[in-house]
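For reference, the structure is listed below as structure tokens.
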Amino acid sequence: MPTFPTSAAWQALVAHRDALAGTRLSQMWGADAARGAALTFSCAGIAVDFSKQRIDAQAIALLAALARERGLAAAIEKLFTGERVNATENRPALHTALRGDEHVAVDGVDLRPEIQRNRERMRVFAEAVRAGQWKGATAERFTHVLALGIGGSSLGPRLAIEALHAEADGPEVRFVNNIDAAEFDDAVAGLDPASTLVVVASKTFTTQETRQNAAAAKEWIVAALGPEALARHFVASTANNEAAIAWGLPECNVFPFADWVGGRYSLWSSVGLPVAIAVGMARFEQLLAGAHNADLQFRSDPFERNVPVLLGLVGVSNRNFLGAASHAVLSYASRLESLPAYLQQLEMESNGKRVGLDGEPVGLETCPVVWGGTETPGQHAFHQWLHQGTGIASCDFIVVARAMGKALAHHEILLANACAQSEALMNGVETADAHRACPGDRVSTTFVLPRLDAFNLGALLAIHEHKVYVQATIWGINPFDQFGVELGKTIAAQILPAVRGDDASLHPATRHLLDVIRKLGASQ
């Protein structure tokens, strides 16, 4: 059992929480007019305002002491220098190496030449597609890209392309990640196979959903253009070159990345190929540059003003000291619609763990439920729960300072609503009418991006990656494996023969459910 819940640093934080228990956030602001400036920090040009969190200067000092007690400084260096921080799978987690220019070695081998070589291949291909130099089997330019993947092989590229929509001047990208056949049908509706490029992204190249969708895409292309067209219309991003080649792709159509790149951290690798095709390699490299800037500050800033470190520590405080089991991501930018889903996977797949690195129960709550939506629509839906519900949630507001559309008046209203919601959560409202009363005193952090571009998006995502690593270090868990994901897949493989009509040994509950499904399916 980890010892930190009874450590001096942990107990000091508990005592400080108790000392602040009778003080509302609004009172903390009233007592300190300089609170906003003192609790707003910058990382890669993004301002992060912690002033509506239940912290003060003493809390930051105590949280930093906890981080030092838990060996965070050494853990950060291990992450960047290629040590095997993914202990259960015995490998490094070096996604940061993909976006920097530092030399990093694994087992004595410098990774930089391989990274540069793979990046240059990606650049040449993306620009060839955009310029119409790489054409389809009938010599037509590609107007569309069908991006096949799931999880980290899809969420990151989808988010990036949506966020950078205003700068997308290449072929249109459509994503297919669900095994539901309707999603594939909807994605190819109206597309011409002759002008469609298919990008298959899968780290292992064995993921069932992606393989099945790739087979459907192959059938679609071959039916229209013949089997010889595959070499012109299919490429893959993978860490398993052999499997992609065995599937039928020429080796030159495979864009590799290393097994030290985790799926949910793979946007920075060749998995980002659809992004490079949609917005150009120069903008993709700006995405990397923003992330690298955040990396540098994470690695060098003192804990007391280190944005990713503070995000992680405040999140631990909210989860373990305030009991917030839920964390809402509120994006005041329509082009960040996919951000909550991206962060949901990043945080919950990484830190949704119940045992520590030693295999023993952690003994305290770990990752909260991460969810959210695009604002202001969310204000007309789930914000009711945030303001008057019985549950406790922490919130992150994502705000873009510069207008993202042509109508300045719209942006002004958007900003007013973002500021109003964070103030309302903090202050609440007292009234004799119990139905209208809002308790307030609800914690939130606000991110302010100067503008929504590739650099700032890269920085925002890297900040959150490092937040996750900080929390994993505090909780003593491995954020780089995901064995819980495998259980359902294993059972699904056992059930599939029965779904297809073959006799199989099934759990009675599953057999009952299949019977219900068959009866309703037959009755239509």
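Just so it is clear, the structure is predicted and the values come from calculations on it, not from any experiment.
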Can you name the nearest heavy-atom pair linking [X] to [Y], along with the distance?
X      : Y      : value
Arg84  : Asn90  : CD-OD1, 3.0 Å
Pro92  : Trp260 : O-CB, 3.5 Å
Phe284 : Ser269 : CZ-O, 3.9 Å
Leu148 : Ala214 : CD1-CA, 3.5 Å
Asn293 : Ala44  : CB-CB, 3.8 Å
Ser51  : Gly36  : CB-CA, 3.9 Å

Can any side-chain N or O of [X] pair as donor or acceptor with the backbone N or O of [Y] at less than 3.5 Å?
X      : Y      : result
Arg121 : Val254 : yes
Glu365 : Gly323 : no
Asn86  : Arg91  : no
Arg283 : Glu167 : yes
Arg335 : Met404 : yes
Gln297 : Ser42  : yes
Lys353 : Thr366 : no
Arg130 : Ile277 : yes

- Message: Name the residue from Leu336, Leu339, Thr374 that meets the side chain to side chain contact (heavy atoms under 4.5 Å, CB included) definition with Val329.
- Response: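 So, applying the side chain to side chain contact (heavy atoms under 4.5 Å, CB included) to Val329 and each of Leu336, Leu339, Thr374, only Leu339 qualifies.
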- Query: What's the verdict on side-chain contact (heavy atoms from CB on, under 4.5 Å) for Phe298 and Val470, showing C-alpha distance, side-chain angles and the deciding distance?
  - Reply: CA-CA 10 Å; Phe298 175 54; Val470 169; 3.7 Å; yes
Which distance, rounded to the nearest 0.5 Å, do you find between the [atom1] of [X] and the [atom2] of [Y]?
X      : Y      : atom1 : atom2 : value
Leu449 : Ser331 : CG    : OG    : 10.0 Å
Leu343 : His327 : CG    : NE2   : 7.5 Å
Leu63  : Ser317 : CG    : OG    : 5.5 Å
Asp396 : Leu460 : CG    : CG    : 9.5 Å
His411 : Arg402 : NE2   : CZ    : 9.5 Å
Leu20  : Phe321 : CG    : CZ    : 12.0 Å

- Message: Would Gln345 and Glu349 count as a side chain to side chain donor-acceptor pair (under 3.5 Å) here? Give the steps.
- Response: CA-CA 5 Å; Gln345 188 208 18; Glu349 191 167 87; 3.3 Å; yes
Side chain proximity check, [X] to [Y], heavy atoms < 4.5 angstrom:
X      : Y      : result
Arg319 : Trp475 : yes
Trp10  : Leu364 : yes
Glu114 : Asn118 : yes
Leu25  : Leu425 : no
Leu159 : Leu461 : yes
Glu465 : Leu346 : yes
Ser237 : Met122 : no
Leu386 : Leu330 : yes

Between [X] and [Y], does any side-chain donor sit less than 3.5 Å from a side-chain acceptor?
X      : Y      : result
Arg264 : Gln482 : yes
Tyr332 : Thr446 : no
Asn240 : Thr238 : no
His464 : Glu347 : no
Glu102 : His292 : yes
Asp453 : Gln286 : no
Asp481 : Thr88  : yes
Gln53  : Asn318 : yes

- Does CD in Glu337 sit with more than 12 non-hydrogen atoms of other residues, nucleotides or ligands closer than 6.0 Å?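 No.
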- More than 12 heavy atoms from other groups under 6.0 Å of CZ on Arg68: yes
- Message: Using side chain to side chain donor-acceptor pair (under 3.5 Å), reason through Thr96 and Asp295 one step at a time and then give a plain yes or no.
- Response: CA-CA 7 Å; Thr96 56; Asp295 294 342; 5.2 Å; no
- Item | Phe50 and Ile60: CA distance, side-chain angles, deciding distance, side-chain contact (heavy atoms from CB on, under 4.5 Å) verdict | CA-CA 11 Å; Phe50 293 95; Ile60 287 181; over 6 Å; no
What class does the angle between the rings of [X] and [Y] fall in, given that below 30° is parallel, 30 to 60° is tilted and above 60° is perpendicular?
X      : Y      : value
His466 : Phe80  : tilted
His95  : Phe480 : tilted
Phe255 : Phe125 : tilted

- Message: Before you tell me yes or no, could you show the steps for Asn213 and Asn177 under side-chain contact (heavy atoms from CB on, under 4.5 Å), namely the whole-Å CA-CA distance, both residues' side-chain angles and the distance that decides it to 0.1 Å?
- Response: CA-CA 8 Å; Asn213 282 324; Asn177 60 74; over 6 Å; no
For [Y], is there an ion pair with [X] - N to carboxylate O distance below 4.0 angstrom?
X      : Y      : answer
Arg299 : Glu77  : yes
Arg117 : Glu120 : no
Arg35  : Asp56  : no

- Step-by-step side-chain contact (heavy atoms from CB on, under 4.5 Å) determination, Phe447 to Asn456: CA-CA 11 Å; Phe447 295 75; Asn456 287 296; over 6 Å; no
